[in-house]
Amino acid sequence: MITDSDLNPRQREAVTSTEGPLLVIAGAGSGKTRTLVHRVAHLVQKGVMPESILLLTFTRRAAEEMIERASRLGDQRCRFVAGGTFHSFAYKVLRQYSKEIGFQNGFTVIDRGDTEDIIGSIISEVKERFKGVRLPKKSTIAEIISKANNLCKPIYHILRDFFPHFLDLNDLIEAVKESYEGYKVTHQIMDYDDLLIRFLALLKDRFDIKSNLSQCYRYIMVDEYQDTNKIQAQIIVYLGQDHRNVMVVGDDSQAIYAFRGANYKNMFEFKNYFPDAKVIKLEENYRSTQHILNFTNAIMEKAVNTYTKCLFTQRKGGILPRLVDTLTELGQAIFVADCIERLLKMGIPPDEIAVLFRAAYHSFELEAELTRRKIPYVKYGGFKFLESAHIKDILGFFRAYLNPEDPMALSRVLMMHKQIGPSRLKKILAWLKEGKRSLSEIGGYSEGKGKAEAIRTELGRLGELFKDLESLNLDPKKAVLRVLDYYTPILTERFDDYPRRQREIEELVPMAERYPDLASFLADLVLDPPNGNLVQEEGIRSVTLSTIHSAKGLEWSYVFIIWVAEGRFPSFRAYKDPEELEEERRLLYVAATRAKEDLILTYPSEDARELNIYGQSYSSGTETLSSFLLGLSEGVVERVRFKKGLPFKIYHPDGERQGPFGEGVHQEKRISSQVEEKGSFEGLLEDPGLKKGDKVRHQAFGVGVVSKGPMDDKVEVLFAQYGKKLLHLKYTRLERL
DNA sequence: CATCACGCTGTTTTT
DNA sequence: CAGCGTGATG
């Protein structure tokens with residue numbers, strides 16, 4: 001039974017406002033999920049057909065969990081609510097109408113890795129024309145193309161705004177993009193971006209299909225709206241045009257996917273499309289202590305472009321959030337592991353403890369430490385099941401079989417055999433094509449009289465495999481077993497750590513069992529990978545921030561945030577532009593708002609300083625952190641870095657030779673060789689107008705400044721300052737170990 | 001022709 | 001640390 005008493009007045013309003021457009025700005029921990037769940041249950045109880053409710057969320061699991069909870073509120077019919085991610089919903093619709101959009105035999109979905117492979121092969125074709133030019137990595141090109149698609153902007157704009165150092169290559173990248181788009185069409189494949197773009201196009205161009213869909217889905221709810229991109233927002237507009245029963249929920253302060261084209265401004269623009277939208281703010285927090293909220297409110301206070309929210313709670317007491325200088329990165333790992341050990345000894349359940357990071361590899365040191373102490377942990381983020389070579393190998397067989405139009409998959413399959421490299425691969429592919437041969441005939445390939453005998457038997461076996469797949473008639477479980485049978489010897493031969501990999505590929509068998517056919521199994525693996533971001537099972541939580549939505553459970557009693565000194569990539573660290581800074585501010589905010597009871601931030605000041613001494617003056621993650629928290633730290637200019645754009649000089653020797661921003665070490669070498677020759681270098685960079693000895697404030701962007709004197713003292717002083725104003729962060733110092 | 005060893009380079013995060 | 005290009009080796 002629905003108990004409305006579980007809800008506060010604002011939440012109740014959101015639940016009962018079922019007709020017409022609705023924008024809910026839900027602060028962190030404000031009972032957003034609870035509200036959505038109740039709303040689903042409320043709609044169904046009111047007599048709305050569950051099938052006509054569409055719940056779009058960030059991961060399929062989030063949708064499933066909500067639907068499950070709604071069913072438990074009383075009405076089992078809630079299980080029929082349609083839900084999933086934008087991408088999987090788009091896939092379903094496109095599949096249904098694939099003939100209408102020119103994909104006669106359907107299509108297969110490829111992931112980012114496949115995209116990169118295709119781009120790699122396109123590049124190798126055009127490479128000769130660009131001898132001597134340093135080309136971007138294929139992953140960078142893929143990123144540029146995807147960004148252009150997601151932001152609906154021409155390549156030129158993307159380069160200008162995000163990759164100015166590649167502006168010269170505009171024509172090349174345009175050409176690659178064109179060729180890539182063509183490739184996908186001829187080979188009947190779509191990438192993540194295509195799913196959204198083509199879905200939107202379908203809604204735009206086909207009035208009949210659009211109204212069909214709005215007939216079908218009368219109530220639309222979108223979760224995490226701040227992380228949708230322009231295309232997704234448009235999709236919602238079209239889907240909701242007829243009935244206007246559209247509810248979007250989000251929190252602009254928690255937008256963390258700008259890097260992939262998400263635009264939190266959608267939150268503000270919703271009212272442009274639906275001017276009569278009701279706006280409801282949820283600001284009461286049910287998660288954290290007031291101390292923690294003071295801290296998170298303070299982080300957001302300096303943010304620009306936000307719906308102002310001030311989170312509050314009725315909870316009293318609790319302990320102050322702490323900032324811990326652990327000196328070194330190793331110290332960080334040891335410190336956190338110490339704390340965790342203590343908490344576990346106190347009887348705290350491991351799933352109430354989480355460690356959050358900005359990047360997956362930041363947890364390596366901690367992982368080693370936890371393993372050493374035999375403390376089990378769950379890790380979200382980083383390398384994925386799906387992306388590991390052995391899984392991709394297996395999928396390659398299916399993809400090759402399901403879509404003979406797609407030579408990348410077959411190439412992968414062929415290349416994993418001994419004695420088959422790029423050039424022989426080409427020959428085999430050409431041979432298949434010229435005779436219009438099917439995959440099961442591949443065993444007939446020969447290079448003539450006695451040559452490459454071994455290859456012939458190999459290919460014979462491969463042909464058998466494809467023949468068998470055919471006769472298994474797409475039964476996913478049998479197909480997986482058959483492929484495993486073929487692949488296992490290759491696996492053991494190719495990888496030293498095959499036991500682990502073998503275990504992993506065997507996990508595919510029970511997964512496959514749940515699907516009616518191979519195609520849907522394959523699509524789901526790409527679009528909604530089971531445990532997509534989960535790397536390891538049981539134990540304390542170790543979570544990369546960008547995967548926070550897919551981590552099971554979104555809040556923990558004890559949260560550690562490890563903020564690493566990012567000094568390894570000097571040329572990129574020093575200049576955080578304002579946008580980037582806002583993004584990082586939001587990351588810190590998202591992390592901090594997860595804590596229920598206790599929040600501990602750690603940073604390694606000494607590692608940061610060492611980097612500053614040895615390298616040029618580059619700012620580190622630590623500086624970014626202190627800029628967020630302090631924003632007002634004072635220092636004396638020791639060195640100054642320059643921004644690209646205006647003339648500047650570098651002198652030799654050993655003077656103030658600076659690594660210029662933009663092209664990293666690469667350009668620095670070029671410059672220093674010029675300095676070597678002429679004694680100085682003149683180039684186009686910007687002079688920030690500072691010189692050694694100037695008194696400045698630490699700034700979070702613009703100028704990277706190395707402060708004189710022990711950083712620790714400053715941090716301590718400044719935190720005291722900050723404490724007076726806003727909150728009382730304790731500065732604890734860990735003894736050197 | 002495939003494969004291996006070496007050196008060089010470099011943001012990261014994901015549907 | 002991993003991905004890439006290069007040049008030597010079998």
Side-chain angles (χ1 to χ4, degrees), chain A residues 56-60 62 84-91 109-113 115-116 120 123-124 127 134-140 142-143 146-147 149-150 162-163 165 190-196 224 227-229 231-232 256-262 356-362 364 380-384 386-387 389 415 417-427 447 451-452 454-455 494 526-529 532-533 543-550 564 566-576 580 583-584 586-587 590-591 618 620-621 624 659 663-669:
Chain A
L56 292 172
T57 56
F58 218 76
T59 63
R60 180 177 52 182
T85 61
F86 272 90
H87 290 89
S88 65
F89 182 60
Y91 173 75
V109 181
I110 57 167
D111 67 12
R112 189 53 167 273
T115 299
E116 285 172 17
I123 289 180
S124 62
K127 210 187 220 154
R134 251 185 83 89
L135 298 183
K137 282 188 295 186
K138 55 189 182 182
S139 61
T140 311
E143 199 187 329
S146 174
K147 254 206 163 109
N149 282 333
N150 275 304
F162 304 102
F163 304 87
H165 46 293
M190 289 196 203
D191 61 22
Y192 291 124
D193 304 329
D194 293 325
L195 290 172
L196 299 182
E224 308 288 4
D227 284 324
T228 54
N229 65 23
I231 305 168
Q232 290 164 321
I256 52 174
Y257 287 106
F259 68 86
R260 70 175 200 211
L356 308 181
F357 317 85
R358 213 187 92 263
Y361 68 90
H362 288 164
F364 290 167
Y380 292 93
F383 258 102
K384 276 179 262 168
L386 205 74
E387 280 163 6
M415 292 267 280
H417 294 86
K418 287 213 146 170
Q419 296 305 306
I420 299 181
S423 66
R424 193 165 270 142
L425 169 79
K426 244 186 205 157
K427 280 192 214 159
E447 287 178 8
K451 276 177 96 183
I455 295 173
R494 250 166 46 115
V526 180
L527 290 176
D528 269 317
N533 297 306
V543 183
T544 300
L545 278 170
S546 315
T547 59
I548 201 145
H549 297 303
S550 50
V564 170
E566 266 299 341
R568 267 161 285 203
F569 305 104
S571 47
F572 294 93
R573 274 293 122 194
Y575 297 99
K576 291 227 145 267
E580 239 182 302
E583 208 177 311
E584 223 157 291
R586 291 184 156 85
L587 274 173
V590 167
Y618 38 82
S620 62
T624 324
E663 283 149 61
V665 185
H666 190 58
Q667 179 163 330
E668 194 181 339
K669 270 184 193 158

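Hydrogens, waters and symmetry mates are skipped; everything else that's a heavy atom, side chains included, is used. To find a chain, count down the sequence lines: A is the first, B the second, and so on, and within it residues start at 1.
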At less than 3.5 Å, do the side-chain atoms of A:Arg358 and the base atoms of B:dT12 form a donor-acceptor pair?
yes
Choose from B:dC1, B:dT13, B:dT15 the nucleotide whose nearest atom is closest to any side-chain atom of A:Lys427.
B:dC1
Is A:Phe259 stacked on the base of B:dT13, meaning ring centres closer than 5.5 Å and planes within 30 degrees of each other?
yes
Check nucleotides 4-10 of chain C for protein N or O atoms closer than 3.5 Å to its own N or O atoms and list the pairs.
{"unit_1": "C:dC4", "atom_1": "OP1", "unit_2": "A:Lys138", "atom_2": "NZ", "d": "3.3"}
{"unit_1": "C:dG5", "atom_1": "OP1", "unit_2": "A:Lys127", "atom_2": "NZ", "d": "3.0"}

Nucleotide nearest A:Arg424 (side chain, heavy atoms from C-beta), chosen from B:dT12, B:dT15, B:dA2
B:dA2
Can you find a side chain N or O atom of A:Ser423 that sits less than 4.0 Å from OP1 or OP2 on B:dA2?
yes
Within this structure, what is the CD-to-C1' distance between A:Gln232 and B:dT14, rounded to whole angstrom?
12 Å
Spacing between A:Phe58 atom CZ and B:dT14 atom P, to the nearest angstrom:
11 Å
Can you check the distance between B:dT14 and C:dG3, where both ends of the measurement are the P atom (answer in whole Å)?
15 Å
So, A:Arg358 side chain and A:Leu587 main chain: donor-acceptor pair closer than 3.5 Å or not?
no
Find the distance A:Met415:CE to B:dA2:C1' and express it as a whole number of Å.
10 Å
Check ring pair (Phe, Tyr, Trp, His ring centres under 6.0 Å) between A:Phe89 and all other residues, then give those that pass, not counting sequence neighbours.
A:Phe199, A:Tyr217
